[in-house]
Amino acid sequence: MRRAAMCFSLSQFPRCRVHTLTNSWWQSFHHINRIGRGSISSKVLAAGKQGLEGRFNSTENRRTLTTKSEGNSKAALSKKTTIRQEILDETTKSEVDIYSSEITEIGNTQYVDIRQAIAENKDLAKLMTFIIFDIETTGLSRDRERIIEIALRDLHGGENSTFQTLVNPGCIVPNSFVHKITTSMVNRPDVPRMGDLIPILLRYVGSRQKPGGYVVLVAHNARCFDVPFLIKEFGRCSFDIPSNWLFVDTLPLAREVMKSGGSKPKLKLQDLGQHYEIPLVGSAHRAMADVHMLTAVFQRLTFDLKLTIPSLIEGHSFWPSEVGRSKKKKNSG
DNA sequence: GGCCCTCTTTAGGGCCTT
């Protein structure tokens with residue numbers, strides 16, 4: 001595949017930020033497995049503190065994001081149709097590579113769900129990129145409301161491991177009491193609209209992805225809230241969620257961990273943070289603060305459930321196409 | 001809207017997300 005160096009001009013939208021974190025979830029995860037549960041908190045929290053300090057010191061991090069992809073970003077950003085086609089082309093190439101790989105690995109099967117393939121082939125698990133994400137919106141309805149903030153964090157850590165931006169919804173923000181994001185904060189020319197942001201977002205996630213690999217995006221209540229919202233917003237902008245994005249919802253993981261507790265379990269992200277004694281840094285219901293909280297919660301949940309990457313993918317991941325396919329219908333008649 | 005729980009399954013209430 002032809003590749004060339006490319007730069008994102010994030011400075012075009014000053015409120016897009018790429019942060020530098022040094023902690024690695026996988027290092028922490030493996031360390032946790034070695035040292036046992038007693039030392040988890042200090043290790044995880046130490047990593048989190050280090051990362052967050054980096055975040056708060058990084059107001060100057062409004063910088064160009066460099067990654068490897070095709071094309072010229074400045075030209076592409078000025079021509080939405082062009083960049084959309086480039087991304088679609090790149091997605092198609094990636095998909096072809098992945099399916100070729102699957103068929104080579106697994107045999108003559110024409111279609112194999114990657115979840116089963118990962119469960120059977122540990123090498124495929126190494127190709128997964130885990131990204132914790134969160135969105136803030138103008139309300140709860142995916143049909144009527146809009147995304148106003150999005151934050152992501154690659155669990156591998158390293159440079160440019162986090163991405164955060166406000167989003168201009170083109171409407172008033174009626175629920176500032178929830179997240180403290182006001183209409184005047186987002187309805188500004190230097191805040192990107194979703195249509196401008198999606199190409200940047202796709203490029204950013206692509207820059208974190210391993211060659212021929214898959215991306216696993218993790219959010220709390222992802223199945224019922226974040227993912228349907230993303231699908232809707234992508235659709236409004238004539239984009240599809242890339243075919244190599246899998247999702248994991250931490251809400252059912254938390255339900256499974258907490259159900260043995262006896263009393264009615266509290267499954268809100270902040271309650272889970274309290275349960276695991278994870279301090280909140282920043283404002284609750286701001287996307288990046290919730291991402292950092294969920295990062296630590298996700299580590300603890302997967303540890304408590306003794307989940308490996310293959311078992312997590314096989315038993316707890318879903319495709320965007322599976323959203324809306326309810327296992328149990330409330331009003332089936 | 002999907003999922004879980006129960007005073008249930010021929011259903012309904014509550015949680016979770018903003």
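The sequence lines fix the lettering, A, B, ..., with proteins before strands; numbering per chain opens at 1.
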dC5(B) to dT18(B) separation - C1' atoms, rounded to the nearest Å: 25 Å
Atom pair distance, as rounded to whole Å: CE in Met258(A) and P in dC5(B): 14 Å
Sugar-phosphate only, base, or nothing, as touched by Ile135(A) at under 4.0 Å among non-hydrogen atoms: sugar-phosphate
Inter-nucleotide P distance (dC15(B), dC7(B)), Å rounded: 16 Å
Out of dT17(B), dT18(B), dG2(B), whichever nucleotide has its closest atom nearest the side chain of His220(A): dT17(B)
Qualifying residue, where the test is side-chain hydrogen bond (donor to acceptor under 3.5 Å, both in side chains) with His220(A) and the options are Thr250(A), Asp249(A), Asp226(A): Thr250(A)
Rounded distance [0.5 Å steps], CZ in Arg142(A) versus OG1 in Thr137(A): 11.5 Å
P-based separation of dT8(B) from dG13(B) [nearest Å]: 13 Å
Nearest-neighbour nucleotide for the Leu267(A) side chain, dT18(B), dC16(B), dG1(B) considered: dC16(B)
For atom CD of Glu136(A) and atom P of dC16(B), their distance in whole Å: 17 Å
Between Asp271(A) and His275(A): side-chain donor-acceptor atoms closer than 3.5 Å: no
Position toward the 5' end of DNA chain B (nearest nucleotide), Pro252(A) or Thr137(A): Pro252(A)
Among dT18(B), dC4(B), dC16(B), the nucleotide that comes nearest once only the side chain of Lys268(A) is considered: dC16(B)
Interatomic distance, Lys259(A) NZ vs dG14(B) P [rounded to whole Å]: 23 Å
Given dC3(B), dT18(B), dC16(B), the nucleotide with the shortest approach to the side chain of His285(A): dT18(B)
5' priority, DNA chain B, between Leu140(A) and Cys224(A) [closest heavy atom]: Cys224(A)
Residues that Arg255(A) engages under salt bridge (Lys or Arg N to Asp or Glu O under 4.0 Å), provided they are two or more places apart: none
Protein-nucleotide distance (Ile147(A), atom CD1; dT18(B), atom P), rounded to Å: 12 Å
Rounded distance in Å - CG (Asp249(A)) to C1' (dC3(B)): 10 Å
Nearest-angstrom distance, C1' atom, dT9(B) to dC4(B): 14 Å
Sugar-phosphate only, base, or nothing, as touched by Asp226(A) at under 4.0 Å among non-hydrogen atoms: nothing
Presence of Arg223(A) side-chain N/O under 4.0 Å of dC3(B) phosphate oxygens OP1/OP2: yes
Residue pairs, two or more places apart or on separate chains, that pass salt bridge (charged side-chain N to carboxylate O under 4.0 Å, His left out) and touch residues 279-295 of chain A: Glu149(A)-Arg286(A)
